[in-house]
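Reviewing the structure listed below.
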Amino acid sequence: MVNRSDIENFWTRGDVHSRVHQAMSDAGLNNKKLEVEDLFPIDQYHARGIAATIDLGKRMPISENQRIIDIGCGLGGPARYFAKKFKCLITGIDITPSFIEIGNKFNNLTSMSKQVSLQIGNGESLDFENEAFDGGYSQHVTMNIKNRKEFFLEAYRVLKKGTFFAFSEHGLGPEGNPIFPLPWADTSKMSFLLSPESTISLLEEVGFYDIQIVETSKKYISGYEKMINTKSKKDTTILGIHVIGGSTMKQRSINSMRSIKEKRTLPFEIVCKK
Ligand SMILES: C[S@@+](CC[C@H](N)C(=O)[O-])C[C@H]1O[C@@H](n2cnc3c(N)ncnc32)[C@H](O)[C@@H]1O
């Protein structure tokens, strides 16, 4: 059983506040008015960074002023990007309190607090009324969700009828046995991968329909290669995923890339309707 402090420790890897403060200061960005784009190198906490967020955004039918939920919002980078792009309102929830604190500071720095609000929460038990949102998404979160049916049921419950749910994740590949440690888990204790087929069956059971899946292995392999090679040539990037993920991020990324290449894992995006 994984408890809350194991989860916080896993995601924050020590004093994430100080690491972010130092990196922002080194990059000359502390206490300055910023654009949403200035934070992309540090606030998109998933493989392929902003490129993956842009891809997911292209598949989400969001209109101006709609109210959207981001389940497992991390530091709120994707939420700020979508809120600015679609002129919508985003409520993000995440189980890691430090990410919410840093994310809300980033909202202030980028003048996005009116459009994006982040709060602590658990995707398996959402603190919102039924049918509160006009759409929802979850980027690279579900790998950590043991009770996936409950997670999907909760997403379904808080969405209005006729709206969408989109998510991206690393699913279980045909060979199984991913190589740990990985970006989302140091051991199998925190990793709960499902095959694309099982994921689709669960979504159908919950009531989602028109389930569209796109496999993204090639994109992730080349994204990881780019990141790993850039960092090994020059270890001086000030803002990057390593600020949040700490010193083991590179090895965990290499393991993730190998796991995809060896078909142990299989990344995909899904967009479906309620
Ligand atoms: C790889 S990060 C992705 C963050 C963000 N979606 C992004 O793309 O930048 C995974 C996030 O899932 C969050 N998470 C894990 N389990 C969760 C749960 N049960 N409920 C809410 N958030 C969760 C973690 O705290 C972490 O911020």
Side-chain angles (χ1 to χ4, degrees), residues 1-13 16 20 36 39-57 60 68-83 90-104 106-107 116 118-128 136-155 158 165-170 181-186 189-193 216 220 223-224 227 239-246 248-249 252-253 256 265 267 269:
M1 179 74 187
V2 189
N3 62 40
R4 284 283 178 118
S5 66
D6 286 342
I7 295 174
E8 169 84 12
N9 291 340
F10 173 81
W11 287 107
T12 57
R13 314 226 149 218
V16 68
V20 168
V36 167
L39 293 172
F40 287 167
I42 194 171
D43 70 5
Q44 306 287 320
Y45 194 36
H46 50 259
R48 293 184 58 235
I50 187 63
T53 305
I54 290 172
D55 279 357
L56 194 64
M60 297 199 295
I68 306 295
I69 183 165
D70 178 339
I71 307 174
C73 61
L75 306 151
R80 282 183 292 278
Y81 168 75
F82 294 135
I90 302 201
T91 302
I93 67 110
D94 198 284
I95 205 161
T96 302
S98 299
F99 285 179
I100 294 298
E101 289 154 20
I102 295 168
N104 279 322
F106 283 172
N107 285 345
V116 178
L118 309 178
Q119 60 192 67
I120 299 166
N122 183 350
E124 289 172 74
S125 157
L126 294 172
D127 252 343
F128 303 100
Y137 66 92
S138 184
Q139 197 170 202
H140 288 279
V141 177
T142 30
M143 299 87 74
N144 288 123
I145 307 297
K146 188 172 183 187
N147 193 343
R148 196 72 69 85
K149 186 166 178 189
E150 198 52 44
F151 182 93
F152 288 151
L153 275 169
E154 278 295 85
V158 301
F165 182 54
F167 62 100
S168 51
E169 67 170 48
H170 295 263
L182 283 160
W184 62 89
D186 282 335
K189 225 173 118 184
M190 262 180 74
S191 181
F192 308 100
L193 306 188
T216 49
Y220 276 82
Y224 276 128
M227 172 207 166
L239 296 182
I241 203 163
H242 59 282
V243 176
I244 314 298
T248 60
M249 198 65 218
R252 291 189 285 137
S253 301
S256 187
T265 58
E269 288 169 7

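Since we're looking at a predicted model, the values are computed, not measured. Ligands are counted one by one from 1 in listed order, and the atoms in each one are counted from 1 as well. The first residue of the sequence shown is numbered 1, and numbering continues consecutively from there.
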Relative to atom 14 (N) of ligand 1, which among Ile100, Ile145, Ile95 owns the nearest non-hydrogen atom? Ile95
Pro183 near ligand 1, heavy-atom distance under 4.0 Å? no
Using distance alone, determine whether Gln44 and ligand 1 share an N or O pair under 3.5 Å. no
Can you find an N or O of Thr96 that's nearer than 3.5 Å to an N or O of ligand 1? yes
Which atoms of ligand 1 sit under 4.0 Å from any heavy atom of Tyr45? 1 (C), 2 (S), 3 (C), 4 (C), 7 (C), 9 (O)
Would you call Cys73 and Ile100 a side-chain contact if the rule is heavy atoms closer than 4.5 Å? yes
Non-hydrogen atoms of Cys73 versus ligand 1: any pair closer than 4.0 Å? yes
Quiz question: by atom type and distance under 3.5 Å, do the side chains of Thr53 and Arg48 form a donor-acceptor pair? no
Closest to atom 5 (C) of ligand 1 (heavy atoms only, candidates Gly72, Ser125, Gly103) is Gly72
Who's closest to atom 24 (C) of ligand 1 heavy-atom-wise, of Asp94, Ile244, Ile241? Asp94
Strictly below 4.0 Å, N to O, side chains only: are Asp70 and Arg80 in salt-bridge contact? no
Tell me yes or no: between the side chains of Asn104 and Asn107, is some donor less than 3.5 Å from an acceptor? yes
May I ask you to check whether Thr142 and Glu169 show a side-chain donor-acceptor distance below 3.5 Å? yes
Can you tell if the side chain of Met249 reaches within under 4.5 Å of the side chain of Ile244, non-hydrogen atoms only? no
Could you tell me whether some N/O pair between Gly123 and ligand 1 is separated by less than 3.5 angstrom? yes
contact_flag Phe99 ligand 1 heavy-atom lt 4.0 Å: yes
N or O pair under 3.5 Å between Asn122 and ligand 1: yes
Ligand-residue contact atoms, ligand 1 with Val141, heavy atoms, under 4.0 Å: 12 (O), 14 (N), 23 (C)
Does only the side chain of Leu75 get under 4.0 Å from ligand 1, or the backbone, or both, or neither? Count heavy atoms. neither
For Gly121, the atoms of ligand 1 under 4.0 Å from one of its heavy atoms are 20 (N), 21 (C)
For Asp127, does the CG atom have more than 12 heavy-atom neighbours from other residues, nucleotides or ligands under 6.0 Å away? no
Are the ring centres of Tyr45 and His140 closer than 6.0 Å? no
Below 3.5 Å, N or O to N or O, backbone or side chain included: is there any such pair between His46 and ligand 1? yes
Note: Ser191 and Trp184 closest approach over all heavy atoms is OG-NE1, 3.0 Å
Between Tyr224 and Ser256 the two heavy atoms that sit nearest each other are OH-OG, 2.7 Å
Numbered atoms of ligand 1 (with element) below 4.0 Å of His140, judged on heavy atoms: 1 (C), 2 (S), 3 (C), 10 (C)
